[in-house]
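What follows is a single structure, written as structure tokens, with notes after it.
A note on names: the letters A, B, ... follow the listed sequences, proteins ahead of strands, and every chain is numbered from 1. Bear in mind the structure is a predicted one, so any value in this text is a computation, not a measurement.
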There are 2 protein chains.
Amino acid sequence: MNIGEIAKRAGVSRSTVSYALSGKRPVSEDTRRRIQQVVDELGYRPSASARALANGRTSTIGLVFPPAGNHYTGMQLDFIGSVVEAAAAYDYDVLLSPSGVDSDRSFQRLLGERRVDGAILMEIRLADDRVDHLATLDIPSVAIGRTARPEGSWWVGLDHTTLAAACVHHLADLGHRRVAFVNRPEQLLRAGYESAHRGLDGFTKAAAERGLTVRTYCCGDDAASGQTCVAQILHDDPATTALVTLNEAALGGLYRGLAQAGRHVPRDFSVTGVVANHWAETVTPQLTAADVPAAEMGRLAVELLVERLDHPDAPPRHHLLTPPISLRASTGPGTTP
Amino acid sequence: MNIGEIAKRAGVSRSTVSYALSGKRPVSEDTRRRIQQVVDELGYRPSASARALANGRTSTIGLVFPPAGNHYTGMQLDFIGSVVEAAAAYDYDVLLSPSGVDSDRSFQRLLGERRVDGAILMEIRLADDRVDHLATLDIPSVAIGRTARPEGSWWVGLDHTTLAAACVHHLADLGHRRVAFVNRPEQLLRAGYESAHRGLDGFTKAAAERGLTVRTYCCGDDAASGQTCVAQILHDDPATTALVTLNEAALGGLYRGLAQAGRHVPRDFSVTGVVANHWAETVTPQLTAADVPAAEMGRLAVELLVERLDHPDAPPRHHLLTPPISLRASTGPGTTP
DNA sequence: TAGCTTCACCGAACCGGTTCGACGAACGGG
DNA sequence: CCCGTTCGTCGAACCGGTTCGGTGAAGCTA
């Protein structure tokens with residue numbers, strides 16, 4: 001059942017059917033009704049492939065995962081959900097680009113074969129060849145996060161530097177002097193992930209500013225790693241009284257490690273960081289943290305991308321978000337020296 | 001840069017280029033090399049839309065979310081990840097069908113406009129019109145979960161009845177006599193979600209069999225709901241010594257509620273259920289539970305769907321999984337009456 | 001050297017839409 | 001009554017691939 005079939009049954013030409021359905025040219029009320037009736041009867045829907053071929057737009061956006069990331073975190077989940085939802089509101093579908101080792105091939109599939117009109121790049125790295133790649137292929141994109149040189153490009157990001165610093169100041173204000181930093185996994189740091197780098201930067205600088213004694217750690221994206229990481233921290237410096245983490249997935253393990261070491265949160269030990277509120281509220285005591293507004297970021301990314309698709313020559317825009325720290329129950333006064 | 005451009009530069013016809021690239025007809029080694037060279041030079045990749053139009057297949061599968069589900073859980077995340085990965089291995093892309101209120105429209109987009117070759121339906125309900133809908137549209141699909149009458153259809157599911165029963169037997173064996181059941185949210189139960197229904201069935205029957213005193217509850221998909229749910233349970237019957245849950249997202253809240261009521265897990269109170277191991281290991285003490293093999297289910301679903309796409313007349317297949325209970329640290333002997 | 005295959009390639013049709021230019025009928029103005 | 005618009009519709013071309021049938025040249029046999 002194609003447009004020709006509809007045309008035949010309605011006794012008009014194919015072009016008339018097209019115009020009647022799209023409304024791009026006037027069609028008499030009489031024929032429009034006749035066509036609509038046939039369409040309804042047969043449950044006809046124009047083929048997306050044919051339409052995409054004809055007008056050069058697929059009405060699909062690609063969601064591209066990181067090359068090194070074979071692991072989805074809770075934050076990414078919220079993000080995906082909001083992207084899909086926001087895209088639907090603009091009549092776009094969302095195509096996922098496979099992560100994993102063979103990512104280059106899938107990148108080519110999505111973008112080289114023009115399956116998508118535009119793309120959203122997740123988990124950006126400071127030096128991210130994907131951004132240039134997209135520009136070369138002339139495919140509009142919006143990055144989640146900033147590269148080292150974000151000028152002139154489209155992105156929505158979190159100000160990890162400021163957020164990590166805010167955590168440090170929060171702890172320092174409470175009187176903590178010896179603080180540890182629990183980062184994302186080492187391979188991600190080495191790969192140049194911006195959240196890991198800028199977060200580390202912000203932490204280090206703010207700590208120096210406040211004259212704190214600090215140690216920094218990388219930690220795998222799972223509970224077991226969090227547990228061993230805490231053990232390591234307390235082994236390296238038993239006088240540590242607080243930690244800041246960017247690592248959502250390790251959070252439960254961090255808590256467990258502290259409990260195991262006999263440290264009560266928040267009485268003996270304070271925990272804070274940058275974590276989606278969904279997760280911050282899951283642990284007990286609930287985590288005082290800068291809430292990652294994953295859902296909002298997804299929505300904004302789609303908005304920006306749609307604007308870019310509609311106005312190819314629009315000047316670059318971006319959103320840098322700095323959510324406040326939500327005071328919950330995982331931080332308390334540090335022991336005075 | 002289309003196939004005509006390649007043909008011109010290589011000095012051959014468009015069909016020859018097509019055959020050279022697809023290998024569906026022999027092409028002399030000489031011309032094949034010449035064509036390949038031009039292709040490499042220009043970085044040509046055939047348009048997915050045109051190809052889809054020509055051969056009637058989009059090389060894309062749809063992942064359809066539940067109409068009533070506005071919330072993604074951890075299990076669903078693992079699932080999505082494995083589906084995307086498995087699909088990539090078979091050279092398929094994955095298109096997400098927006099969830100939310102307006103799901104019917106997106107369902108039409110994906111399936112009516114034939115954006116996908118096949119679909120995977122998540123969070124199936126016992127009476128799920130989507131299954132029939134798909135059959136009507138003649139689109140091959142695989143369901144995650146069984147409808148009330150799964151005969152003759154393709155699916156991969158979890159034996160929730162048996163799993164919930166196993167949890168009951170585990171607790172009964174430990175000596176628990178008064179046990180609560182924490183189900184998915186009420187609206188999902190009412191909507192007929194199979195996991196909620198079969199899990200409840202299995203729990204109820206096994207409890208009757210073992211002569212236990214039970215109460216069943218529905219609980220929202222978040223920590224706060226879990227917390228209030230536990231409060232309600234202990235209010236309704238303070239002698240309750242254990243609970244079984246299907247509700248991953250509430251898990252953290254359940255633990256918090258118990259701690260708040262002064263019940264120590266597992267000394268005073270046992271917790272078990274059906275939960276992705278990722279989550280079971282996040283809480284402290286780690287949850288003794290039947291681990292939902294979300295990743296495996298995703299992989300199997302894709303396998304089944306691909307088989308169905310390749311062999312349209314293949315007889316229906318399915319996988320019913322019954323993972324064993326992983327003994328961790330959240331259950332212990334019940335108080336003897 | 002005629003006759004038959006085989007090989008390598010070409011041209012045209014097709015997939016199912018969109019869009020542009022044209023054309024006939026109705027209509028209004030002078 | 002003739003001419004210029006306007007309105008509604010049609011035919012054809014096009015998007016960028018795939019695929020079928022055919023054709024000329026080369027190779028082999030008799």
Using a 4.0 Å heavy-atom cut-off, write out nucleotides 7-13 of chain C from 5' to 3' as B (base contacted by protein), S (sugar-phosphate only) or - (no contact). -SBBB-B
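Other residues, nucleotides and ligands contribute at most 12 non-hydrogen atoms within 6.0 Å of the CZ atom of A:Arg9.
A distance of 5.0 Å separates CG in B:Leu121 from CZ in B:Arg130, rounded to the nearest 0.5 Å. Taken from CD in B:Glu113 to CD in B:Gln108, the straight-line distance is 8.0 Å, to the nearest 0.5 Å.
In terms of the salt bridge (Lys or Arg N to Asp or Glu O under 4.0 Å) criterion, A:Arg57 has no residue partners (sequence neighbours excluded).
Taking atom NZ of A:Lys8 as the reference point, atom C1' of C:dG17 lies 16 Å away to the nearest angstrom. As rounded to whole Å, 16 Å separates atom C1' of C:dC14 from atom CD1 of A:Ile3. Here D:dT18 presents its C1' atom at 12 Å from CG of B:Leu21, a figure rounded to the nearest Å. Going from atom CD of B:Glu5 over to atom P of D:dG17 covers 11 Å, rounded to whole Å. Counting to the nearest Å, the P atom of D:dG17 and the CZ atom of A:Arg114 are 11 Å from each other.
Side-chain N/O atoms of B:Asp128 and B:Thr147 include no donor and acceptor closer than 3.5 Å. In this structure, a donor-acceptor pair under 3.5 Å is present between the side chains of A:Thr58 and A:Asp117. A:Ser15 and A:Ser18 are not linked by any side-chain donor-acceptor pair at a separation below 3.5 angstrom, with hydrogens and angles left out of the test.
Remark on the helix from C:dT1-D:dA30 to C:dG30-D:dC1: inter-end axis angle 50°, axes from five-pair C1' superpositions, rounded to 10°.
At least one side-chain heavy atom of A:Met297 sits under 4.5 Å from a side-chain heavy atom of A:Phe79. Here the side chains of B:Leu320 and B:Arg146 are in contact, with some heavy-atom distance below 4.5 Å.
At the phosphate of D:dT19, OP1 or OP2 sits under 4.0 Å from a side-chain N or O atom of B:Lys24.
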For residues 37-47 of chain A, please give each side-chain donor-acceptor pair under 3.5 Å, one per line with the distance, not counting sequence neighbours.
residue: A:Asp40; atom: OD1; partner: A:Gln36; partner atom: NE2; Å: 3.0
residue: A:Ser47; atom: OG; partner: A:Ser49; partner atom: N; Å: 3.3
residue: A:Ser47; atom: OG; partner: A:Ala50; partner atom: N; Å: 3.1

Check residues 132-145 of chain B and write down every donor-acceptor pair under 3.5 Å in which the side-chain atom is one partner and the other belongs to a residue at least two apart or another chain.
residue: B:Thr136; atom: OG1; partner: B:Asp132; partner atom: O; Å: 2.9

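Shown for residues 43-62 of chain A: residues whose heavy atoms fall under 4.0 angstrom of DNA chain C, namely A:Tyr44, A:Pro46, A:Ser47, A:Ala50, A:Arg51, A:Leu53, A:Ala54.
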